[in-house]
Amino acid sequence: MMSAFLLSTGVIGSSHLEPPEKVVTIAEADVDSENNENDIRQEFIPPVSQGDVVNIGNLRCTIGFVNKDYIITSAHCNKDGVGAHAYQHGVHIGTVIAQPNLANEDYGWINNVSHDWTVIKLKENIYAGGNVYSNKNTTHISFDDVAIGDTVCSYGYTSKKVSCGRVEDKRHQVLYTDDTSKQSGDSGGPMWIPGKGFVGLYYGTTKGGNHSISVPLKNRVPYNFLVGEL
């Protein structure tokens, strides 16, 4: 990683967790109200939405973007590469199908921050709930379209709040803002410019916690993963 992007493993936005236990919510309905002979037990899985939690291995991150077939979060949330299974509250929701090759095995020190994204294909019985924090805006803002001084907002599953900051610097396809309110587990969460559109993913903070770092996705992630009706 270039010196400009030195990050502390203590501030990167993923959290280490024990492997999740499988938890499935069951909806029960009495089939025969007179004889009460048996119940229908049907698995119920809520839609997967922007801002929800996602677990890959023992790492927890935030979902940054969804469409009908895919969700996107940070690559440093996935140490197992393509083929890794993704879970939400113990339920298997999909499989990693695309992410850049990250040469450094220590995912707290990614060499090229601008490539910190991973795409998860949802299982057939898992449905996308929408991009609720970036206001369902389908406009994707590229690095070049963001100006110094723009207000960029973000949401993280751990912090559970929308926070906004001013863009103070732009370098090497990475944005630096003065919002440093995020917590471990917020990585991968959505970043957007109010009134303009979706920008990309929250990555972490600079060493010392002076700036929040975000990764624009347009022109980085293959276009078909960023489009598609819900």
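Sequence neighbours left out, the pairs with a member in residues 158-224 that pass disulfide (SG to SG under 2.5 Å) are Cys153-Cys164.
Using modelled atom types, one finds a donor on one side chain and an acceptor on the other under 3.5 Å when comparing Gln50 with Ser134. For Thr118 and Gln99, the side-chain atoms include at least one donor-acceptor pair closer than 3.5 Å. In this model, a donor atom of one side chain and an acceptor atom of the other lie less than 3.5 Å apart for Lys182 and Ser163.
Using a 4.5 Å cut-off on side-chain heavy atoms (C-beta onward), Leu201 and Asp116 make no contact. Contact annotation: the side chain of His140 approaches that of Phe65 to within less than 4.5 Å [non-hydrogen atoms, C-beta and beyond]. A 4.5 Å side-chain heavy-atom check between Gln88 and Asn55 finds every atom pair outside the cut-off. For the pair Val96 and Ile56, the minimum side-chain heavy-atom distance is below 4.5 Å. Inter-residue side-chain proximity for Asp69 and Asn67 is flagged as met; some heavy-atom pair is nearer than 4.5 Å. Looking only at side-chain heavy atoms (C-beta outward), Tyr155 and Met191 stay at 4.5 Å or farther from each other. Considering only heavy atoms from C-beta on, Ile97 comes within 4.5 Å of Phe225 through its side chain.
Applying the side chain to side chain contact (heavy atoms under 4.5 Å, CB included) test to Lys161 and every residue at least two apart in sequence or in another chain returns Ser159, Ser181.
Under 4.0 Å is where a charged nitrogen must lie from a carboxylate oxygen, and between Lys196 and Asp150 at least one such pair does.
Val54 and Tyr127 fall into different hydrophobic clusters, where Ile, Leu, Val, Met, Phe, Trp and Tyr residues are linked whenever their side-chain heavy atoms come under 4.5 Å apart, directly or through other members.
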